[in-house]
Amino acid sequence: MKLYNTLTQQKETFVPIEEGKVKMYSCGPTVYNYFHIGNARPFIVFDTLRRFLEYQGYQVTFIQNFTDVDDKIIKRSLEEGISPQEVSEKYIEEYFKDADALLIKRATAHPKVSEHIEEIIRMIKTLEEKGLAYNIDGNVYYSVEHFADYGKLSKQSLEDLKAGARVDVSDEKKSPLDFALWKKKKDGEPYWESPWGQGRPGWHIECSAMSKKHLGDTIDIHGGGQDLIFPHHENEIAQSEGCCGKPFANYWLHNGYININNEKMSKSKGNFFTVRDIAKHFDLEVVRMFMLMAHYRSPVNFSDELLKQAETALDRLYTAKYQLDYLLENSALETASADEKIWIDSLSQYRHSFINAMEDDLNTADAIASIFELVRNLNSNLSESSSKEAIMAGKKLFAELTDVLGLAVKEKESKLEENIESLIAERQAARKNKDFKRADEIRDQLLAQGIILEDTREGVKWKRA
RNA sequence: GGCGCCAUAGCCAAGUGGUAAGGCACGGGUCUGCAACACCCUCACCCCCAGUUCAAGUCUGGGUGGCGCCUCCA
């Protein structure tokens with residue numbers, strides 16, 4: 001498989017450190033609020049990458065952290081009058097609710113900063129011993145000028161970074177680009193004991209420490225949003241490589257932004273939609289569909305209109321899925337005919353084109369196109385008179401490919417409430433008697449309850465609105 | 001100022017130098033009591049200019065337009 005590596009700025013063939021295994025780390029949320037759709041993108045993208053790698057037979061260890069020690073959490077706790085821990089616990093819970101609705105699988109582990117203070121302190125100590133960190137009155141900073149490769153990920157020289165620095169020049173720091181590894185305790189803030197006194201870790205060190213603990217010194221893939229390239233990921237490299245003296249991550253993957261009216265969506269700009277808000281109007285699987293319909297590195301605009309397009313597209317997949325279930329139940333023939341066997345063999349073309357697309361830097365847009373082509377083929381060629389063997393072949397391939405993307409994976413409810421079933425039966429009787437007025441009444445009545453009826457050649461079908 | 005990304009139909013969006021995937025919307029049709037689903041048909045000379053090449057959306061140079069990072073941010 002080929003992956004675009006931010007470090008080398010080109011697509012590279014993916015070669016894992018250890019054959020058959022992949023170690024990947026992706027920066028998770030700071031849990032002080034519901035996450036927004038911009039946050040959702042990397043969660044969905046790297047979940048999809050993980051699913052595809054597993055589909056390819058890799059044993060994937062996927063780590064996504066929770067930042068539960070942070071200024072914003074402290075601020076929130078003061079606002080709400082609860083402890084920082086209560087804030088983070090609440091939003092971790094809420095994270096999983098939204099992630100589940102987005103069909104994001106649980107990572108192998110979701111480590112928390114608060115549970116890795118020891119590892120963080122140990123790492124800072126090592127950096128201090130190596131002359132890469134300095135302590136000023138209980139604040140410990142990383143000295144970027146002592147790390148030769150600083151800037152290699154963001155392609156910035158130290159001089160350029162300094163020239164453009166808009167950082168407040170702190171008297172304390174030796175260079176404006178130095179960043180905090182350990183922050184001295186302030187009144188009312190959570191703190192831990194350390195060799196430098198009471199305090200808490202800086203933002204960047206957590207990812208280095210947790211990645212090292214759960215995945216080792218060198219990992220295969222590190223992912224995140226493009227806005228993390230600088231300074232967060234650049235600093236992670238400085239910390240991890242400075243500490244361990246080994247390459248930190250072999251492949252750096254960065255997803256593009258979500259835009260609103262061509263402008264970046266972000267919490268700081270205030271132009272964001274939380275996933276929770278969107279869930280009021282759409283099934284969140286639609287958001288997943290929307291994300292995967294574009295390539296992960298390209299910026300995408302977000303709007304109600306575009307979500308509706310994704311919703312209709314996703315409906316098409318579900319219609320096909322449920323039709324296959326229906327046909328399987330109603331087919332009388334077991335074994336495929338000679339013609340059907342040839343047709344079954346021909347289906348593998350869709351698997352091939354799907355895999356080719358995914359192997360090309362996770363081209364989910366192209367991969368989805370393959371699925372739609374498969375759907376058209378299935379819709380055209382399968383009917384009640386097809387054999388179960390042929391229908392099953394189509395169903396299995398469809399499920400195989402959609403599972404990789406985490407789309408169209410929900411099963412249909414098998415039964416409706418009895419009173420609804422009886423209304424459908426009554427409507428059928430009315431139609432038979434050409435009492436279309438009554439039939440339409442019932443259809444409207446059910447629509448008001450969120451049930452859409454469709455009279456197909458094979459009989460009445462229903463779906464949820 | 002430094003670094004980087006993007007420009008393909010009404011709306012999205014793929015595209016390995018060889019005569020433009022897919023989805024949504026629109027139009028025509030088959031099916032159908034109607035609607036919906038499904039299927040068939042229709043729907044693009046790829047921002048501009050120049051160059052390289054037998055051949056360029058795809059490479060090179062120059063424009064124009066849009067966006068991002070260099071500060072917390074996915």
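Below, read A as the first sequence line, B as the second, and so on, with proteins coming before strands; counting in each chain starts at 1. Worth knowing before you read on, the calculation uses all heavy atoms, side chains too, and leaves out hydrogens, waters and symmetry mates.
Between the side-chain ring of A/Phe436 and the base of B/G33, a stacking contact exists by the 5.5 Å and 30° definition.
Residue contacts for A/Arg427: at a heavy-atom cut-off of 4.0 Å it reaches a base atom on one of the strands shown. Contact annotation for A/Gly38: base contact, defined as any heavy-atom pair under 4.0 Å involving a base atom. If you check every strand for non-hydrogen atoms under 4.0 Å, A/Leu228 touches sugar and phosphate atoms only. Counting any heavy atom pair closer than 4.0 Å across all strands shown, A/Ser266 reaches a base atom. As judged by a 4.0 angstrom heavy-atom cut-off over every strand, A/Glu311 is placed among residues making no nucleic acid contact. Looking at heavy-atom distances under 4.0 Å, A/Ser298 makes contact with sugar-phosphate atoms alone, never a base. The residue A/Lys269 sits close only to the backbone: its heavy atoms come under 4.0 Å of sugar-phosphate atoms, none of a base. Residue A/Tyr257 is in base contact, counting any heavy-atom pair closer than 4.0 Å across all strands shown. Within 4.0 Å of A/Ile371, counting heavy atoms only, lies no atom of the nucleic acid at all. At a threshold of 4.0 angstrom between heavy atoms, the contacts of A/Arg443 include nucleobase atoms, whether or not backbone atoms are also involved. Here A/Asp366 lies in heavy-atom contact (under 4.0 Å) with a base. At a threshold of 4.0 angstrom between heavy atoms, the contacts of A/Lys463 with the nucleic acid are absent. Nucleic acid contact class of A/His295 (heavy atoms, under 4.0 Å, all strands): sugar-phosphate only. Note on A/Asp71: nothing from the nucleic acid sits closer than 4.0 angstrom, heavy atoms only.
Within the model, atoms CD of A/Gln445 and CD1 of A/Ile442 stand 7.0 Å from one another, a figure rounded to the nearest 0.5 Å.
Nucleotide B/G1 has B/C70 as its partner under the Watson-Crick or G-U criteria, with both atom distances under 3.5 Å. Figure legend. B/G65 is base-paired to B/C6; pairs are counted as Watson-Crick or G-U wobble with both atom distances under 3.5 Å. In this entry B/U53 has no Watson-Crick or G-U wobble partner, no candidate having both defining distances under 3.5 Å. Summarising the base pairing, B/U16 is matched to no nucleotide, lacking a Watson-Crick or G-U wobble pair whose two defining distances lie under 3.5 Å.
In this model, a side-chain donor or acceptor of A/Gln309 finds a partner on the base of B/G23 within 3.5 Å. Taking only distance into account, the side chain of A/Asp227 never meets the base of B/C72 through a donor-acceptor pair shorter than 3.5 Å. For A/Asn363 against B/G15, no side-chain N or O and base N or O form a donor-acceptor pair under 3.5 Å.
Side-chain contact of A/Asn235 with A/His232: a donor-acceptor pair under 3.5 Å is absent, judged by distance alone. One side chain, A/Tyr95 or A/Gln64, offers a donor N or O that lies under 3.5 Å from an acceptor on the other. A/Asn356 and A/Ser353 share no side-chain donor-acceptor pair at under 3.5 Å. A side-chain donor-acceptor contact under 3.5 Å links A/Asn65 and A/Tyr25.
In summary, the aromatic rings of A/Tyr326 and A/Tyr322 are positioned with their centroids too far apart to meet the 6.0 Å limit. Annotation: A/His214 is not in aromatic contact with A/His110 [ring centroid separation under 6.0 Å not met].
Of the listed residues (A/Asn363, A/Asn255, A/Asp361), just one forms a side-chain hydrogen bond (donor to acceptor under 3.5 Å, both in side chains) with A/Arg297, and that residue is A/Asp361.
Of the candidates B/U71, B/A13, B/G22, B/G22 carries the atom nearest the A/Glu373 side chain, counting heavy atoms from C-beta on. Side chain of A/Glu263, nearest nucleotide from B/A13, B/G68, B/C72: B/G68. Closest contact between the side chain of A/Leu161 and the listed nucleotides B/G15, B/C39, B/C70 involves B/C70. If you check B/A74, B/U16, B/G33 against the side chain of A/Asp360, the one that comes closest is B/U16. Among B/U71, B/C69, B/C34, the nucleotide with an atom closest to any side-chain atom of A/Lys264 is B/C69. Listed candidates were B/A36, B/C70, B/G33. Nearest to the side chain of A/Arg431 is B/G33. Candidate nucleotides B/C39, B/A38, B/A74 were compared by shortest atom distance to the side chain of A/Pro42, and B/A74 ranks first.
Here the separation of B/C45 from B/C5, taken at their C1' atoms, is 27 Å to the nearest Å. Using C1' as the reference atom, B/A56 and B/G17 are 6 Å apart when rounded to the nearest Å. Distance check on atom P: B/A9 versus B/G1 gives 32 Å, rounded to whole Å. Straight-line distance between the C1' atoms of B/U52 and B/G62: roughly 15 Å, to the nearest whole Å. A distance of about 24 Å separates the P atoms of B/C49 and B/A21, rounded to the whole Å. Annotation: B/U64 and B/G28 have their C1' atoms spaced 40 Å apart (nearest Å). Taking the P atoms as reference points, B/G63 lies 43 Å from B/C26, given to the whole Å. One P atom belongs to B/G23, the other to B/U32, and the distance between them is 25 Å to the nearest Å.
A residue-by-residue look at A/Thr30 and A/Asn377 shows that A/Asn377 has its nearest nucleotide of RNA chain B further toward the 5' end. Mapping A/Met265 and A/Lys308 onto RNA chain B via the closest heavy atom, the residue that lands nearer the 5' end is A/Lys308.
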Atom pairs, protein N/O to nucleotides 3-7 of chain B N/O, distance under 3.5 Å:
from	atom 1	to	atom 2	distance (Å)
B/C3	O2'	A/Ser154	O	3.4
B/C3	O2'	A/Lys155	O	3.4

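Ring geometry, A/Phe272 versus A/His36: the interplanar angle falls from 30° to 60°, so the pair is classed tilted.
With A/Tyr32 as the aromatic partner, A/Lys72 meets the cation-pi criteria of under 6.0 angstrom to the ring centre and within 45 degrees of the ring axis. Seen from the ring of A/Phe66, A/Lys112 does not count as a face-on cation partner, given the 6.0 Å and 45° thresholds.
The interatomic distance linking A/Asn255 (CG) with B/C67 (P) rounds to 20 Å, in whole Å. A/Glu206 places its CD atom 13 Å from the C1' atom of B/C72, with the value rounded to the nearest Å. Atom CZ of A/Phe290 and atom P of B/C11 are 16 Å apart (whole Å). The CD1 atom of A/Ile368 sits 12 Å away from the C1' atom of B/C12 (whole-angstrom rounding). Summarising the geometry, the separation between CG on A/Asn356 and P on B/A14 is reported as 18 Å, rounded to the nearest angstrom. In this structure, the CD atom of A/Glu454 is 14 Å from the C1' atom of B/C34, given to the nearest Å. Summarising the geometry, the separation between CG on A/Leu177 and C1' on B/G2 is reported as 13 Å, rounded to the nearest angstrom.
Look at A/Asn379 and you won't find any side-chain N or O under 4.0 angstrom from OP1 or OP2 of B/A38. When the side-chain nitrogen and oxygen atoms of A/Ser303 are compared with OP1 and OP2 of B/C11, none of them lie within a distance under 4.0 Å. Residue A/Arg316 places none of its side-chain N or O atoms closer than 4.0 Å to OP1 or OP2 of B/A36.
Remark: A/Glu159 does not engage A/Lys162 in a salt bridge, criterion side-chain N to carboxylate O under 4.0 Å.
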